[in-house]
Amino acid sequence: MGRVFNFSAGPAMLPEEVLKEVQDELLNYNNSGMSVMEMSHRSKPYEKILNDAIQDLKDVLNVPDNYKIIFVQGGASQQFAAVPMNLMKNKKADYILTGQFATKAYKEACMFGDCKVVASSKDKEFSYIPDCSDLDIREDADYVYICENNTIYGTKFWTLPNTKGKPLVSDQSSCFLSEPIDVSKYGVIYAGVQKNVGPAGLVILIIREDLIRDELDIVTPTMLKWKTQVDANSLYNTPNAFAIYVCGKVFKWIKKIGGLEEMKKRNQAKAKILYDYLDQSKYIATASKESRSMMNVTFRTGSEELDKKFVEEAKDYNIVSIKGHRAVGGMRASIYNAMPIEGVKALVEFMKKFEAENL
Ligand SMILES: *Cc1c(COP(=O)(O)O)cnc(C)c1O
């Protein structure tokens, strides 16, 4: 079997070009006589890999100088706890619940302080993003929290909430580097890289300097304290060196194709093909139109049996991992940065055929 169109929500596709480069360098990286996997994280060649990755990410995302970038482990899920531990001074935070990951983050934060749900879309199975232009943000809230792209439900914040001056914390795991953003609008951005950027096991954090503190008001393990890795340039302990190396290549790939402007164009083009087709078909698109994600496209046939059949038959067309999350059912096509437009076209062709035969 050749390579397939992998619509998995994560771990997900990586650019083929990047994989080939990694393959070329696997046994002997840049004449070092060893693989990056075997290399000391304190060695000169590795230091360059790390620093280039940080610089390339800064360039690609246009990160202002008053923000620090760190690479950590533990998954995005670990940050659900690290966020309140690092940011709570008044032990108060306001959360916007737009799906399962936001809810998990909220529950975790409730262990550390007084957390308030200031908006939620739970009333309609998280199928939309609520209006967040004038929320009841508390005067003494330490931060406002969002999950910017809801991987499971296929929705995205197209307008950031009005946080009334409080730092905005955003989980961008499934939309990181999919389009240009204004980093200065955020207090903290974080993302597990396995959705849109690299191999699993790595989280990238971009933190505004004034939010990186020495003395925390909550007892926090050294490894969960952001300052630890900021001060050590992400080398306090052994990092996921290989994942950082692959991410560094992906940053260079984004630069090479024309940066995030071009990335956005490509992502918009892919999403448009799929949504345009969905809207005139007999399939049911599950996310409300104005909140639709450009990365995760959720839909159903209307029958669980047919959904199952869809997922099975799709495999014959090289379309894999298109089953929806167990919380939602149906199908989910994750069309991250590395999904080629050909993959989306192949999916639509299959959907047409399946529709004609079954719907
Ligand atoms: C996948 C995902 C997570 C969980 O990531 P892990 O790295 O598995 O902990 C959190 N938030 C969002 C938005 C995700 O898509």
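A quick note: this is a predicted structure, and the numbers were derived from the prediction, not measured. Ligands are counted one by one from 1 in listed order, and the atoms in each one are counted from 1 as well. One-based numbering along the sequence shown.
- Residue G75 approaches ligand 1 through these ligand atoms, each under 4.0 Å from one of its heavy atoms: 7 (O), 9 (O).
- In the hydrophobic clustering of ILVMFWY residues, with side-chain heavy atoms under 4.5 Å counting as a link, L50 and I206 come out together.
- Judged purely by distance below 3.5 Å, without hydrogens or angles, the side chains of T151 and S174 pair a donor atom with an acceptor atom.
- Contact annotation for K195 and ligand 1: only side-chain heavy atoms (C-beta onward) come within less than 4.0 Å of the ligand.
- Residue M339 is grouped with residue F299 when hydrophobic side chains (ILVMFWY) are merged at heavy-atom distances under 4.5 angstrom, including chains of intermediate members.
- For the pair Q194 and ligand 1, the shortest N or O to N or O distance falls below 3.5 Å.
- Which parts of ligand 1 touch T151 is read off a 4.0 Å heavy-atom cut-off, strictly below it: atoms 12 (C), 13 (C), 14 (C), 15 (O).
- Within the listing of ligand 1, atoms 13 (C) sit less than 4.0 angstrom from a heavy atom of C147.
- Taking only nitrogen or oxygen atoms, main chain and side chain alike, A76 reaches within less than 3.5 Å of ligand 1.
- Considering backbone and side-chain N/O atoms, S77 comes within less than 3.5 Å of an N/O atom of ligand 1.
- Taking both residues in full, the closest heavy atoms of Y67 and V183 are given as OH-O, 3.2 Å, listed atom of the first, atom of the second, then distance.
- Scanning Y190, F176, F101, F80 for the heavy atom closest to atom 4 (C) of ligand 1 points to F101.
- K282 NZ: 12 or fewer foreign heavy atoms inside a 6.0 Å radius.
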